[in-house]
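Sequence lines set the chain letters: A, B, ... in the order given, protein chains first and strands last, and positions in each chain run from 1. Basis for what follows: all heavy atoms, side chains included, without hydrogens, waters or symmetry-related copies.
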Number of protein chains: 2
Amino acid sequence: MIMKIATFNANSIRSRLPILLQWLEDHKPDVLGIQETKAQDVDFPKEAIEAAGYHVVFRGEKSYNGVALICKSEPTDVKFGFDDGGPADETRLVRAMVDGVAVVNTYVPQGRAIDHVMYKYKLGWYARLKKLFEAEYAPDQPLAWIGDINIAVEPIDVNRPETRKDDPCYHIDAHNAFLDVCSFGFTDVFRKHHPDEEIYSFFDYRAKDAIAKNLGWRIDYVLTTDPLTAKSISCEIDLEPRKKEKPSDHTFMVAEFGA
Amino acid sequence: MIMKIATFNANSIRSRLPILLQWLEDHKPDVLGIQETKAQDVDFPKEAIEAAGYHVVFRGEKSYNGVALICKSEPTDVKFGFDDGGPADETRLVRAMVDGVAVVNTYVPQGRAIDHVMYKYKLGWYARLKKLFEAEYAPDQPLAWIGDINIAVEPIDVNRPETRKDDPCYHIDAHNAFLDVCSFGFTDVFRKHHPDEEIYSFFDYRAKDAIAKNLGWRIDYVLTTDPLTAKSISCEIDLEPRKKEKPSDHTFMVAEFGA
DNA sequence: GCAGGCCCCG
DNA sequence: CGGGGCCTGC
């Protein structure tokens, strides 16, 4: 039996509903984590997703952030946000159990600029996330951390890396914060299957012909603990949705895990 | 030889460019008067219209109003607005000579409400228009007054007329102001050919299933002096564009004049 | 309900 | 560039 786990920063789930529903129909993932739904819960297109044969849990707000988990099986133990006394950020973090797999879907703060208070917040967010993994999960359980993590890790994860040193999504402190969370026991499944490929998951709307010129970033990830990593068959970035009418600036990444 | 004269309130010529270009290709009018272009002159899609084989003259402003004349032959004596000492309203009135026919394209003020200062302005606008016709044209010359005149004249020109008595587009004073201009020598060409039909040219976006339930207004007109009226062969409202994706709230009216 | 404007944001 | 707000207008 194969399990498909996917992630997509929708940049408004309402604007992306046609692309989302088409992708669900074409790829039939077992789990799809969404980030940047940009919809209050009353405005979330629950019915359309359920009509497509999926369960969905979500937490959003006006204009910014918002996460969802779209699952073939009903997710259990659904929790939003942190519970560590800091800002809960319920619209940036959702986790649940799906078919015996723990899934953690995050929309990590972008950070604005390395001299901005939001960058400090981003680094702190990674530290809080590591604590959450340590407190509530174990590296020997099947665990998938997915989402828009707003960091490109290696030079091949971003175009023109030499110009990105001071970018909040490529700065050394961000790298270290991310790698520290990975030290819990996570493997970057895409990179496992594609050790050298410069394929990106995000293309800024403002960059001219970004997709044709491959001017993007790989900032969306499927990260797994060993029990899942061992079963990983493939992990692909699907560029097609980024080429459609009214696309998100991100596109889908999907990983397959076998028996 | 047949001359086709048409009118269309585009509610943004930029948003309506696909529908407009398709309609030009399908109907090949000799003259098409546009209202509510909602584009400054620098933003007007001149090239696309010229590429379709038409001449075009236009005057617009940010967000509101804006008129254009789209013509197979090059229009001459092009003039915008009034020249009577009052507000010129150059983005509500354009006139020209086209193939020996005088064409006056108007976007008459809507009036807001009958107790609003804009309603007085609307009534005054009709009076100014009558003076313009008297000063610069003659009833025995071929003259077409076209456009969104923001008045439904008879009960069959609007759905549920009994509820419209206090509507600035149906109020008695508006009727009289319009009929006074018509006394110059104008005939409502659509009504000449369709004496009893309840067919409308405008359907409010807010009315549920407006077009299916025929909940509209006939507020767009082709009005002609006797030399043209005598040659009038047909006048139709084309509902198809109103049913397309991203329609204007108005649709096209087109009149044919024979030799 | 859908235009356009303006703002904030990445 | 394109989301979402919010405003105005019809």
Side-chain angles (χ1 to χ4, degrees), chain A residues 9-17 19 34-40 43-44 60-66 91 107-113 116 118-119 122 148 150-152 167-170 202-211 215-217 219-220 242 244-250, chain B residues 9-17 19 34-40 43-44 60-66 91-92 107-113 116 118-119 122 148-152 167-170 202-211 215-217 219-220 242 244-250:
Chain A
N9 179 316
N11 188 20
S12 169
I13 194 152
R14 288 175 291 175
S15 288
R16 231 57 66 205
L17 202 52
I19 282 176
I34 306 279
Q35 308 86 40
E36 285 209 87
T37 60
K38 289 188 173 178
Q40 299 176 94
D43 298 322
F44 192 95
E61 62 189 276
K62 242 185 215 175
S63 291
Y64 304 115
N65 311 323
T91 61
Y107 173 50
V108 179
Q110 190 264 356
R112 306 264 187 105
H116 196 283
M118 279 304 286
Y119 187 60
K122 176 183 192 170
D148 176 355
N150 265 316
I151 291 177
D167 192 295
C169 297
Y170 195 68
F202 163 77
F203 300 86
D204 198 309
Y205 288 126
R206 289 165 291 185
K208 265 273 188 205
D209 304 311
I211 199 139
L215 300 178
W217 297 67
I219 57 181
D220 301 279
R242 184 63 181 80
K244 292 195 175 185
E245 287 288 294
K246 273 176 67 77
S248 170
D249 41 3
H250 295 249
Chain B
N9 178 316
N11 186 21
S12 169
I13 195 155
R14 287 175 292 174
S15 288
R16 232 57 65 204
L17 201 53
I19 282 176
I34 306 279
Q35 309 86 41
E36 285 207 89
T37 60
K38 289 186 172 178
Q40 299 176 93
D43 298 322
F44 191 95
E61 60 187 280
K62 241 187 212 173
S63 292
Y64 306 114
N65 310 321
T91 61
R92 289 188 178 272
Y107 173 50
V108 179
Q110 188 262 357
R112 305 261 187 107
H116 196 283
M118 279 303 286
Y119 186 59
K122 176 184 193 168
D148 177 355
I149 68 151
N150 264 317
I151 290 178
D167 192 295
C169 296
Y170 195 67
F202 163 77
F203 299 87
D204 196 310
Y205 289 126
R206 290 164 291 186
K208 264 271 185 206
D209 303 312
I211 200 138
L215 299 178
W217 297 67
I219 58 182
D220 302 279
R242 183 63 181 80
K244 293 194 173 184
E245 287 288 295
K246 272 178 64 83
S248 170
D249 42 3
H250 294 247

- What is the distance from CZ of A:Phe202 to P of D:dG3, rounded to the nearest Å? 13 Å
- Task: Check side chain to side chain contact (heavy atoms under 4.5 Å, CB included) between B:Ala152 and all other residues, then give those that pass, not counting sequence neighbours.
- Result: B:Asp157, B:Val158, B:Tyr170, B:Trp217, B:Ile219
- Message: Keeping A:Arg242 on the side-chain end and A:Phe203 on the backbone end, is there a donor-acceptor pair under 3.5 Å?
- Response: yes
- Note on the structure: chain A reaches DNA chain C, atoms under 4.0 Å from its heavy atoms, from C:dC9 to C:dG10
- Report the residue (A:Ala207 or A:Asp43) whose heavy-atom-nearest nucleotide on DNA chain D is the more 5′ of the two. A:Ala207
- Separation of atom CD in B:Glu36 from atom P in D:dC10, rounded to whole Å: 8 Å
- Rounded to whole angstroms, how far apart are OH on B:Tyr64 and P on D:dC10? 8 Å
- Task: Measure the distance from OH on B:Tyr119 to P on D:dC10 and round it to the nearest whole Å.
- Result: 15 Å
- A:Ile211 CD1 to D:dC1 C1', in whole Å, measures 14 Å
- Heavy-atom donor-acceptor pair, A:Lys244 side chain to A:Ile19 backbone, under 3.5 Å: no
- Task: Return no unless some side-chain N or O of B:Arg206 is found under 4.0 Å from OP1 or OP2 of D:dC10.
- Result: no
- Mind calculating the distance between CZ (A:Phe44) and C1' (D:dG4) to the nearest angstrom? 16 Å
- Message: Rounding to an integer number of Å, can you tell me how far B:Asn9 CG sits from D:dC10 P?
- Response: 11 Å
- Step by step, would you call B:Ile34 with B:Tyr107 a side chain to side chain contact (heavy atoms under 4.5 Å, CB included)? CA-CA 9 Å; B:Ile34 306 279; B:Tyr107 173 50; over 6 Å; no
- Item | Side chain of A:Tyr205 (C-beta onward), nearest among D:dG5, D:dT8, D:dG2 | D:dG2
- Message: Both A:Ser248 and B:Lys38 contact DNA chain D. Taking the nearest nucleotide for each, which residue is further toward the 5' end?
- Response: A:Ser248
- Would you indicate whether the side-chain heavy atoms of B:Cys169 and B:Gln110 approach each other to under 4.5 Å? yes
- Message: Minimum heavy-atom separation for A:Pro109 and A:Met118, please, with both atom names.
- Response: CB-CE, 4.1 Å
- Message: Tell me the interatomic distance from A:Ile13, atom CD1, to D:dG4, atom P, rounded to whole angstroms.
- Response: 12 Å
- Query: With respect to the phosphate group of D:dG5, does any side-chain polar atom (N or O) of A:Arg14 fall under 4.0 Å of OP1 or OP2?
  - Reply: yes
- Task: Under the side chain to side chain contact (heavy atoms under 4.5 Å, CB included) rule, collect the residues that match up with B:Ser248, sequence neighbours excluded.
- Result: B:Phe8, B:Asn9, B:Asn11, B:Arg16, B:His250
